Amino acid sequence: MEKNFDPKTGEERIYNKWLKAKYFHAQAKEGKESYTISLPPPNITGALHMGHALNATLQDILIRFKRMQGYNTLWVPGTDHASISTEMKIVESLAEKGFTKEDIGREKFLEMAWQWKEKYGGIIVEQLKKIGISCDWDRERFTLDQGLSQAVLHVFIDLHKKGYIYKGERLINWCPHCKTTISDAEVEHKDNKGKLWHMKYKVEGTNDYLTFATTRPETILGDVALAVNPNDSRYNKYVGKTAVVPIVNRQIPIIADAYVDMEFGTGVVKITPGHDFNDYEIALRHKLPSVNIFNNDATINDVCEEYIGMDRYVARKEILKKFTDMGQFVKGEYIENTVGCHDKCGVVMEPLNKLQWFVKMEEMAKPALQALETNQFRFVPSRFGKIYTNWLEDIKDWCISRQLWWGHRIPAYYCSCNHTTVAINATKCESCGNADIKQDEDVLDTWFSSALWPFSTLGWPNDSQDMKDFFPTNVLVTGPDIIFFWVVRMVFSSMEQTGQVPFKDVIINGIVRDAENRKMSKTLGNGIDPLDIIEQYGADSLRLALVIGNALGADQRFSNEKVEANRNFLNKIWNASRFLQMNEKELGVVANISDDHEFSLADKWILNKLNSLIGEITTNMEHYELGVALQKIYDFAWSEYCDWYIEMAKANLKDPTKKDATLYTLRYVLITVLRLLHPYVPFITEEIFTNLQNEEESLVVSDWPKPASLDYGDEEKAIETTKQAIKEIRNIRRDMNIPVSQKIKITIVSDQMVVENFFAALAGASQVKLQPTKDQVEQSAVVIQIPTGTIYLEDLLDTEKEIKRLTKEKEKLEKELARAESMLSNADFLAKAPAKMVQSEEAKKEEYNQLLKKVTHSLEALKK
RNA sequence: GGUCGCUUAGCUCAGCUGGGAGAGCGCCUGCCUUACAAGCAGGAUGUCGUAGGUUCAAGUCCUACAGUGACCACCA
């Protein structure tokens with residue numbers, strides 16, 4: 001074996017081996033419970049980032065764990081067509097050549113988009129593979145592929161038939177840059193330091209002016225009313241009168257509405273239903289008209305000759321100037337508010353009144369809410385359920401039509417007879433039979449297809465075997481930021497279409513930040529590329545760094561130091577296996593051992609500890625406590641197996657009576673550790689495993705360890721005591737500056753301790769004598785008291801130092817004793833604490849007492 | 001404005017259903033001991049944000065407060 005594992009060459013080789021063996025490919029298996037995960041499909045425009053890496057790693061750990069446990073596992077991968085993001089890319093590339101998408105037309109544009117998808121869409125998948133994830137690549141899907149498109153159309157038509165999908169004119173969020181509608185979820189509210197302008201309109205039939213405040217002076221062109229609070233005594237007298245919007249010379253009513261906050265601004269609000277959601281509501285209540293003042297690019301339309309074609313922000317300045325000139329400008333003050341921006345391009349979105357397709361949400365939200373309430377599925381950690389619930393409780397109808405070309409085109413066909421035919425590939429009007437029908441130009445929101453992902457990828461709406469075998473899925477792992485984009489929509493879509501909640505557990509992973517706790521972003525340029533990390537340290541190290549010591553759902557900082565530390569751990573495991581191989585080469589492999597073979601104390605100790613470990617971490621992993629579980633394996637492997645057991649084994653291997661059992665135990669424990677680690681670090685564990693076993697075997701499909709039926713509790717305790725003794729000896733050697741090379745003589749007086757042959761080596765002794773009584777022990781020895789006996793380090797005595805040490809020891813014991821005694825003298829503790837607690841305290845008290853007596857005795861003897 | 005986190009060793013963070021505070025990194029001392037210097041052995045450092053409460057027992061449960069962060073939200 002090489003001195004180090006080289007991930008650069010090894011990982012790819014191993015991954016290809018797995019693919020070739022089709023370990024990740026799932027088929028329905030009789031008598032095997034299935035376990036399914038749908039990979040959140042990354043956008044084809046995306047490049048792999050740390051968020052993907054974490055997300056994919058968590059899923060891979062779970063699916064590999066379950067696969068080893070014997071479940072029939074399926075992990076469905078795929079990508080999302082990312083309607084708007086992809087379209088933006090194509091539009092940009094066209095713009096570079098001086099074209100617009102309209103120049104080349106829909107058909108040609110889509111051709112380009114598909115070409116783009118073929119060229120770049122697979123990149124992120126290949127990048128994901130580098131992490132080592134065990135998806136069933138034979139089942140890879142794309143949200144715009146034929147099957148999924150069929151599912152999308154099916155759902156659209158179904159919902160339309162049921163009346164859940166309708167077309168209506170509504171105020172919607174419009175992106176003037178992308179020139180499409182966007183849903184509420186896609187609006188990002190950004191803090192904005194703006195100005196609140198005070199301006200005034202003349203009240204007709206009086207000489208009075210009413211002063212209102214607005215952050216958007218340009219929208220006065222669309223004003224249809226002034227509103228005051230009905231209880232506002234300042235303005236009561238004006239209600240019912242008319243004010244005049246200058247420039248457009250529009251007469252508008254002054255109305256009373258409780259929405260108006262008397263405290264804010266002047267207490268007078270201008271009402272612009274065409275470009276403000278609140279005003280829209282008010283206008284509905286008061287039956288006011290709506291005036292649209294904008295073109296699709298947010299320039300002023302023909303509402304006003306003077307500003308026609310002018311950008312909204314230019315118009316703002318011009319109108320303010322005009323008001324100043326007219327003497328109707330009052331003042332401007334600084335204000336902090338928020339503005340809604342398109343989350344994709346960042347441009348301030350504009351509410352516009354448009355005819356669009358919507359999904360009626362109120363009714364479908366109900367079962368989705370109930371599903372969580374009644375624990376039909378759950379969030380882990382549970383607190384994220386609140387985001388889900390809040391969003392559903394306050395849900396508005398979902399605007400699903402987009403003025404884009406890349407996506408699922410809406411299956412609605414318009415006829416000159418005014419009838420709309422909603423059907424797949426309609427060729428004639430279903431009402432009048434006219435063949436001259438025109439399909440709706442718009443496509444569906446990307447999330448409409450993602451919402452069907454867990455079942456559309458399994459062949460739905462066809463009566464597929466995969467649906468029967470693998471649906472509903474077991475786990476969804478995703479980020480907190482898309483709970484309302486995606487999780488919510490998957491639940492209600494699935495419940496409506498399949499009658500089932502699409503998953504059992506929704507695991508929320510945190511956000512990976514940089515070492516300074518900043519969000520990694522392209523603009524900041526602080527992103528750490530997972531591929532760079534893989535290149536430098538290997539995928540296994542990356543995976544460990546992302547998972548170890550991290551609580552689920554919590555954000556984490558990422559740094560190369562973390563990766564390095566974990567790389568070191570893997571190197572440690574690698575070298576432990578080299579140690580085993582070296583010895584097996586010399587002494588022979590003992591892969592099996594007969595029942596009558598006697599294990600040494602050390603063997604029994606490590607086997608017992610391993611047994612507990614298996615039980616604990618299996619439970620941890622079943623509870624998704626992956627970080628905790630990993631930490632436990634790490635500690636066991638490094639601190640117990642490598643630091644202690646291997647060192648003990650070195651001596652035992654020289655003992656012909658112990659050699660075989662030791663070789664067996666070394667191998668057995670190491671291989672078990674490899675199994676336990678495999679879900680976390682699949683590559684290196686597989687490499688070691690095949691080195692130790694044979695090329696044909698694979699950890700991927702090997703069994704997850706189960707605790708053995710053994711109880712070496714006493715042996716474990718005995719070795720723990722021995723370890724404690726050795727530690728104290730080392731401690732004293734250190735205090736007295738005795739180098740490792742200088743061997744000492746040790747006498748142990750005990751009638752119960754067994755001193756194994758490793759003791760001398762680990763304690764740095766030339767000889768270790770064990771005797772039942774204190775006879776013939778040299779006077780000049782350092783004395784260590786342990787519960788099972790007394791240890792004498794001969795010829796080391798430095799009386800002064802020894803007195804100091806023993807005094808410290810004595811003080812410590814007295815403190816411990818006092819603690820135990822105070823607990824035991826507490827009547828409430830005795831009465832109310834569990835008996836086990838009380839017993840354990842009593843035992844400790846007894847032990848401390850004994851030790852204290854002995855230490856005190858030694859101390860007195862020295863002082864004489 | 002609402003909701004939800006976080007505050008534990010110098011730094012980054014674990015700590016499950018309450019029973020004597022942990023890891024990694026860093027730091028100090030000594031070691032190239034034939035698996036591993038990406039290592040070995042030993043060591044130091046914490047009134048677990050503050051104040052109350054529940055309990056025999058609180059880092060862990062409850063309340064308030066203080067810092068800090070995220071998300072949601074129509075104050076023109």
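These numbers come from the heavy atoms of this one structure, side chains and all, not from hydrogens, waters or symmetry mates. Sequence lines set the chain letters: A, B, ... in the order given, protein chains first and strands last, and positions in each chain run from 1. In this text the structure is predicted, and so the values were computed from the model without any measurement.
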*Hey, is the side chain of A:Arg567 pairing donor to acceptor with the base of B:A38 inside 3.5 Å?*
yes

_On RNA chain B, does the nearest nucleotide to A:Phe5 precede the nearest nucleotide to A:Glu263 from the 5' side, or the other way round? Give the residue._
A:Phe5

*asked:* At 4.0 Å (heavy atoms only), tell me whether A:Lys743 reaches a base, stays on the sugar-phosphate, or touches nothing.
replied: nothing

*Would you call A:Lys808 and A:Glu811 a salt bridge, using N to O less than 4.0 angstrom?*
no

Rounded distance in Å - [atom1] ([X]) to [atom2] ([N]):
{"X": "A:Met621", "N": "B:C16", "atom1": "CE", "atom2": "P", "answer": "19 Å"}
{"X": "A:Asp184", "N": "B:C72", "atom1": "CG", "atom2": "P", "answer": "12 Å"}
{"X": "A:Lys654", "N": "B:U34", "atom1": "NZ", "atom2": "C1'", "answer": "10 Å"}
{"X": "A:Ile633", "N": "B:A23", "atom1": "CD1", "atom2": "C1'", "answer": "15 Å"}
{"X": "A:Lys562", "N": "B:A23", "atom1": "NZ", "atom2": "C1'", "answer": "12 Å"}

*Give a yes/no on whether any side-chain N or O of A:Lys572 is located under 4.0 angstrom from OP1 or OP2 of B:C36.*
no

*Between A:Arg489 and A:Ala185, which heavy-atom pair has the shortest distance, and what is it?*
NH2-CB, 4.0 Å

*Provide the distance between the two C1' atoms, one in B:G49 and one in B:A9, to the nearest whole Å.*
16 Å

